[in-house]
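Each remark here refers to the structure printed beneath this line.
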Amino acid sequence: MRLSNPMEQALNEQLYEELGSFYIYLAMAADFSAKQWPGMAKWMELQAKEELGHAMRFYRFILERGGQVRLKALPQPQESWETPLAAFSAALAHEQHITGRIHALVELARQHKDYPSEVFLQWFVTEQVEEEAQLEPIIHRLKLAGDHPPALFILDRELAAREEEGEEEE
Ligand code: FEO
């Protein structure tokens with residue numbers, strides 16, 4: 001079943017959004033690195049890598065369904081965040097935005113009776129729950145730490161322990 005034009009367009013939009021997410025998190029990683037927060041930088045680098053994995057899922061799916069991949073120029077991301085809390089809060093707001101986009105895509109797939117796309121998107125529905133759930137405790141800890149450097153150093157060390165996930169868990 002070849003992709004309909006509206007689905008092809010919407011999936012390309014999401015490919016663009018996922019690449020945009022990669023760019024935002026890579027910018028956050030670079031900012032953390034420059035500000036000597038190696039754990040937070042590593043966490044964001046892995047987050048960026050996951051987003052590239054998400055983008056590639058859309059890329060491959062569009063091609064598998066006989067669609068055309070259309071790549072657009074990405075917006076330049078913000079380069080600096082005032083505090084770690086500001087960066088992680090922006091990351092959560094961004095994920096909430098992505099969750100809304102994924103849900104809208106599921107709706108569109110249903111409207112078009114595009115069952116393969118609906119099944120494909122289920123992975124992202126679950127992933128978005130995880131994406132938001134992993135950010136919330138970090139933000140909570142950052143709020144508790146406030147401007148207290150020792151607490152921030154401990155959190156930075158903990159975030160350095162994030163492991164790269166396998167292809168299936170991206
Ligand atoms: Fe690709 Fe963070 O959602």
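Order of appearance sets the numbers: ligands from 1, and atoms from 1 within every ligand. Quick caveat: nothing in here was measured; it's all calculated off a predicted structure. Side-chain atoms are counted along with the backbone in the values below, which use heavy atoms only and exclude waters and symmetry mates.
A salt bridge is absent between Lys113 and Glu118; no separation between the charged side-chain nitrogens and carboxylate oxygens falls under 4.0 Å. Salt bridge annotation for Glu8-Arg70: present, with a cationic side-chain nitrogen under 4.0 angstrom from a carboxylate oxygen. Ion pairing between a basic and an acidic side chain is recognised when a charged N comes within 4.0 Å of a carboxylate O; Glu50 and Arg162 show such pairing.
Ring planes of His54 and Trp123: perpendicular class, angle over 60° (limits at 30 and 60°). Ring-plane geometry between His94 and Tyr25 is classed as perpendicular, the angle between the planes exceeding 60 degrees on a 0 to 90 degree scale with a lower cut at 30.
Two residues are said to be in side-chain contact when any heavy atoms from C-beta on lie closer than 4.5 Å; Gln47 and Glu131 meet this criterion.
Protein contacts to atom 2 (Fe) of ligand 1 involving N, O or S atoms at a distance below 2.8 Å are Glu51 OE2, Glu95 OE1, Glu95 OE2, Glu131 OE2.
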